[in-house]
2 protein chains.
Amino acid sequence: MAEERLLTKREVVAEFRRREILRSAQEVFAREGFQEATMDKIAQNAGVSKGTLYLYFKNKTDLFFQAIDERLNEFISLIRKSLEGDHSPLKKIWNVVSTQMEFFEDHKAFFKVCLNIRGGLYLEHPQEYFERLKEKYQPYFNEISQVVEEGCEQGTFCQVEPMKAAYLLAEMINSLILYRIIHETTNPVTQDEKLIYRVFLRGFLKKGAE
Amino acid sequence: MAEERLLTKREVVAEFRRREILRSAQEVFAREGFQEATMDKIAQNAGVSKGTLYLYFKNKTDLFFQAIDERLNEFISLIRKSLEGDHSPLKKIWNVVSTQMEFFEDHKAFFKVCLNIRGGLYLEHPQEYFERLKEKYQPYFNEISQVVEEGCEQGTFCQVEPMKAAYLLAEMINSLILYRIIHETTNPVTQDEKLIYRVFLRGFLKKGAE
DNA sequence: AATGTATATGACTATTTGGTCATTAAAATA
DNA sequence: TATTTTAATGACCAAATAGTCATATACATT
């Protein structure tokens, strides 16, 4: 049996603090955006002093991106899981659509933060962070474009630059999430999922396929 | 003949200043985003002192939204013009796609500002401004959804919530503009216009129509 | 030309806030 | 329990910057 040192009380508390700060940061950033979310608010919300934030995170930007990182990992891994196994490209597209729509339906605040980053922050943050995030997001686009490529090879989809198709799909999904947020729609997401699925497929399906 | 008082030198200069400040603001906001664009930078860029900015605009937010307003008007009126006359819904969709893609191809910086607003600023600005902007953008969505509605009535398009179709179209276009920006694509936009047109139409066209 | 009026200026103020650090408290260790 | 090590605190600092206002300048009017 491996010699597993028990965690000291110190380490347990530290881990707990870290998580509590991240949770608090996610909350405040989502609610107020980057600028309005002050370190004081985040600290207060987490029930620690401001100084403590700096024991666990280098600076505000660092905290921000670590807070996002977690959720983004969760999202990416959900998408990955939904593409496991050897389903048809059609089925995989459906899985992406429904996974993403449902995820953001449950995390509207996080969705806003994502838009926020894409639109604004890469003007206002060190390039370095934006690059890292882009890298993080890349697998998502890669997965989709791979599915499209499969579809092309199998002759289900018509010839198209797979990455562009991936962008199109991603934004089509975003558009309806945005629609739901702006119009405060509450009816089931399934309808919207079906709409996107249909439009996307019709757009890319080869005549006669499936 | 109406008694047209000539503008005094004062008034001419004032109008010139106003325009020069707006132009400068558009430039700096587009390049640096809202936060990083300081009033000092804008003033310097316009070749006036900071105090002068406040003679013409209430505050920074006001200047920002007025700067956007102009471009947005230009955009909306281009879209409107492209929809004038009684073309078929198909032709109109094509006009929207090509007008929008070409406009933003020429105004990438402004496109970023738009994303910026949509994503972030409505967390960080007085609600009031966001509402006004939303109102401003509304005609765009109305025009498109009207075209879709026409198409439905004429039996060209299949039944669909027109406003959702409008959102979908708008974001599909955005997605490829974004793609072009991120991948620094320089090949002609026409290809991308065609792609969107095809996907959108296939998605919404009734079987057998056109 | 002299006087009055509107505009421009930029040093200055007030505030906000990210980040620090000397001090205190708590936990590990001997 | 005494001592050492580590973590937490929050008053404090420095920098940035939106917005102001007394002064200076340019224009209009008589």
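So you know, we letter chains A, B, ... as the sequences are listed, proteins then strands, and number each from 1. Values in this document were obtained by computation on a predicted structure and should not be read as measured data. Just so you know, these numbers use all the heavy atoms, side chains as well, and skip hydrogens, waters and symmetry mates.
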What is the distance, to the nearest angstrom, from the [atom1] atom on [X] to the [atom2] atom on [N]?
X: A:Phe16; N: D:dA7; atom1: CZ; atom2: P; value: 17 Å
X: A:Leu63; N: C:dT17; atom1: CG; atom2: P; value: 16 Å
X: A:Arg18; N: D:dA7; atom1: CZ; atom2: P; value: 14 Å
X: A:Met39; N: C:dT20; atom1: CE; atom2: C1'; value: 12 Å
X: B:Glu36; N: D:dA16; atom1: CD; atom2: P; value: 11 Å
X: A:Ile21; N: D:dA7; atom1: CD1; atom2: C1'; value: 12 Å
X: B:Asp40; N: D:dA18; atom1: CG; atom2: C1'; value: 9 Å

Check your understanding: Distance only, no hydrogens: is a donor on one side chain within 3.5 Å (strictly under) of an acceptor on the other, for A:Tyr179 and B:Glu161?
Key -> yes
Check your understanding: Does the side chain of B:Asn45 come under 3.5 Å of the side chain of B:Ser24 through a donor N or O and an acceptor N or O?
Key -> yes
Exercise for review: Can you label the angle between the A:Phe103 ring and the A:Phe110 ring as parallel, tilted or perpendicular, going by 30° and 60°?
Suggested key: perpendicular
Practice item. Would you please classify the geometry between the A:Phe34 ring and the A:Phe29 ring as parallel, tilted or perpendicular, with 30° and 60° separating the classes? Key: parallel
Point to revise | Results of side-chain contact (heavy atoms from CB on, under 4.5 Å) for A:Gln146 - residues two or more places apart only | key: A:Glu150
**Study point:** Neighbour count >12 (heavy atoms, 6.0 Å) for atom NZ, A:Lys194
**Key:** no
Exercise for review: Please indicate whether A:Asn187 has more than 12 foreign heavy atoms, meaning atoms of other residues, nucleotides or ligands, lying under 6.0 Å from its CG.
Suggested key: yes
Review point. Heavy-atom contacts under 4.0 Å between residues 43-61 of chain B and DNA chain D, which residues?
Key: B:Lys50, B:Tyr54, B:Asn59, B:Lys60
Review point. Does a side-chain heavy-atom distance below 4.5 Å link B:Tyr56 with B:Arg17?
Key: yes
Taking only N/O atoms, report every protein-nucleotides 27-30 of chain C pair under 3.5 Å with atom names and distance.
unit_1, atom_1, unit_2, atom_2, d
C:dA27, OP1, A:Lys9, NZ, 3.2
C:dA28, OP1, A:Lys9, N, 3.0
C:dA28, OP1, A:Arg10, N, 2.9

